[in-house]
Amino acid sequence: MSKKVSQPNGWTRRSVLKTGLGTAAMAGAPMFFVRNAHAFTNDPSSGSTVTLGFNVPQTGAYADEGADELRAYQLAVKHLNGEGDGGMMNTMQPSSLKGNGILGKKVEYVTGDTQTKSDAARASAKRMIEKDGAIMITGGSSSGVAVAVQSLCQEAGVIFMAGLTHSNDTTGKDRRKYGFRHFFNTEMSGAALGPVLESSFGNDRTAYHLTADYTWGWSQEGSIKKYTEALGWKTNAAVRTPLGAGDFSQYITPVLNSGADVLVLNHYGKDMVNSLTQAVQFGLRDKQVNGKDFQIVVPLFSRLMAQGAGENIKGIYGSTNWNWSLTDEGSQAFVKSFGAEYGFPPSQAAHTCYVQTLLYANAIEAAGTFNPCGVIEVLEGFKFDGMGNGATEYRAEDHQCFKDVLVVQGNESPSSQFDLLKIVEVTPRAKVEYSPTMEGYAGDLGECVA
Amino acid sequence: MDAIFLQTLNGLDKGGAYALIALGLTLVFGTLGVVNFAHGALFMLGAFCAVTFQKILTLSKKVKDESITFFDAYKEIPYLEIWFGDTGAAIIDWAVPLSILMAIPVMLLIGLIMERGLIQYFYKRTHAEQILVTFGLAIVIQEIIKSFFGANPIPTPAPDVIAGSANIGSWIGLSDSLVYPYWRMIYLLFALAVIGAVFAFLQFTTFGMVVRAGMADRETVALLGINVERRFTIVFGIAAIVAGLAGVMYTPILPPDYHIGMDFLVLSFVVVVVGGMGSLPGAVAAGFLLGILQSFASMNEVKSIFPGIDQIIIYLVAVVILLVRPRGLLGRKGVMED
């Protein structure tokens, strides 16, 4: 015989448990699921500090690049708090930055390790938002990661200032209201490289693409094909290679007899170092095909990767977002500040991360609020100069920065150990601009809801 | 025709590396009964012997870099070049082949320390525990290497005279466009030589005879009063040397990073299983077979019929072979079975 045991006030054991669990679940739920009940996520108004979340690859193939990004972020925090020589804060135009933190609050930061994996990157961004109270997430080195973290930030109502991410998708079909990218993209690389390839190699060329098999690789391949075919080049084949293939010899040997006279390596990082090294070993650069010298093109160059490829990089064309050898006032201020701190010049990844941090802080100062909607309003259409790329604009429609693009070539006779890339052309912004509703690029930003 | 010839060479080359790693894995598994997931780390350590040797040869004097005016930067001029001029530069150029001299004793020592210091305590444990501890060890070794050398690949070029490629097409009367890098040919010959040396050692020496007897029936050999354990420890050292040499010589083909061993390890396990657990000739045969199949699967003609086949071919072949011959290609009944 069973009997329901009830408390004097009518509560049963079961109902107490149910209510207790329900309350605990609500209390434990991430704040951003119920953010509409608050002004906005992680409002720092009541504290004396603000926390930024730096989400970079600290392990995995891009760890060295991540380390350089982190150095740049730390330098930016230093400058924002009024320490050091101020770097590009002195050259940025227009600037509302005062060197006393952000809106008078001292800037602090937390770091996360993306491991160059989308799930790990999302988990660390989530931790920084929920546990550490980060008001902004920034970082990069992979477009797959950037797209994943950007959409998490949109859900969380926290601004994402993308670091190194080059796929069109980041500000194309996957664009988000809370996401902003200063770095250039594959469309711009194609538009900038096209004319240089034409003047160096002519119109009668046949290209063979080796492409990293993920969002960035496809985007890069598409853009280079589009612009080279417009020149009259033919595309012999576009072969997808698994990310991190290591030995690319089985993909390179078919190039030898394909009839192609240009090899386009849509690879980045370790893959680029390996595929380029092996292509050179197979004698591709000494070959003559169709009566022309065989050429290799690496559309996205990075000085850190150029170091890995050693001698093989010499004479090869590519594009880059920024290079430390630029002589404008902003670049020089940044290189001087970074070099004095660390003993070597910054990479393009470090540059874009530093600029993004300053731009975000500046937007808050200009808006006079930490509210992301106010900050987004300032950043959309924001025009600035003195940050190393000349006059730049954050286009409101897709949150993509538009500025001049550098076409570079592996330096044949470097004047110093860091002088690995030579700037052969600065392609003006007007030549790399495109419609935000271009086919295959259009996307929906969504709304700011705070 | 040219393409098939080239892909065969590529496959043999890759197969050479697989075979060398699988050979060591099989030796350790056959003798000590340990599934050594740290074997890939030994390959990586071998590669980093070459990197370290190169670094030692290029120990440099720091000279202020006057070309950098923004901040104080320094460039490095190797002492060898300062002291011996062109001779010094030539020694640096030959760093990779010369590093074999360093790799042999270093890898033997690492192998012995690894076996005596950790692995010997896991002989009587389950395979799952052995896998966990050796996998953990591999991660520790990787992280140590990363903290010293960073995560980026480090260029370790072949000597200048053999850095280019040979026009083998004109040698054998095929088309002129048939070229193959000298170093890859050297790697293939080197792999064959090492494999030959290991087999000769096991076949023609008393030590090898005892090891083979121990692999077949450890208890009986021990009952005859032979210290099998000590010999097996030495076998572990030999396996470490073989993996290490495979790593040293692979550096000009693939600039090494801390993760290079893991990339080879999984494939090498498949090679061991396909070849037949405990079978040394099986490991070598399967290494070359899978290397060649992987190369052919990457040909555009094949990929146009079976998209993505290049990424799954090894596992597909493994499944088919294990279905048809559950003990692998050359695995024998009763060997490595309870």
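Every chain is numbered from 1, with letters handed out A, B, ... down the list of sequences. These numbers come from a predicted model, not from an experiment.
- Taking the six-membered ring where the residue is Trp, A:H351 and A:W322 present parallel rings, their angle staying beneath 30° rather than reaching 60°.
- Aromatic ring pairs are classed by plane angle as parallel below 30°, tilted from 30° to 60° and perpendicular above 60°; the pair B:F149 and B:F48 is tilted.
- Contacts classified as salt bridge (Lys or Arg N to Asp or Glu O under 4.0 Å) and involving residues 50-63 of chain B (residues at least two apart or in different chains) are not found.
- Remark: of the listed residues A:T91, A:L75, A:V355, A:L75 is the sole one forming a side-chain contact (heavy atoms from CB on, under 4.5 Å) with A:F334.
- Ranked by heavy-atom pairs under 4.5 Å with chain B, the first of A:T241, A:D247, A:T277 is A:D247.
- For B:Y250, the part lying under 4.5 angstrom from a heavy atom of chain A is the side chain only.
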Can I get a per-line list of side-chain donor-acceptor pairs under 3.5 Å for residues 280-289 of chain A, giving both atom names and the distance, sequence neighbours left out?
from	atom 1	to	atom 2	distance (Å)
A:Q281	NE2	B:P252	O	2.3
A:R285	NH1	A:N312	O	3.3
A:R285	NH1	A:K314	O	2.7
A:R285	NH2	A:K314	O	2.8
A:K287	NZ	A:L256	O	3.2
A:Q288	NE2	A:D293	OD1	2.6

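- Of the two parts of A:F418, only the side chain, counted from C-beta on, holds a non-hydrogen atom closer than 4.5 Å to a non-hydrogen atom of chain B.
- Here B:D310 is the residue among B:D310, B:I154, B:D13 with the most heavy-atom pairs under 4.5 Å with chain A.
- Only the side chain of A:D213 comes within contact range of chain B, judged by heavy atoms closer than 4.5 Å.
- Taking chain A as the reference chain and counting heavy-atom pairs below 4.5 Å, the highest number among B:P255, B:G150, B:S295, B:G308 is found for B:P255.
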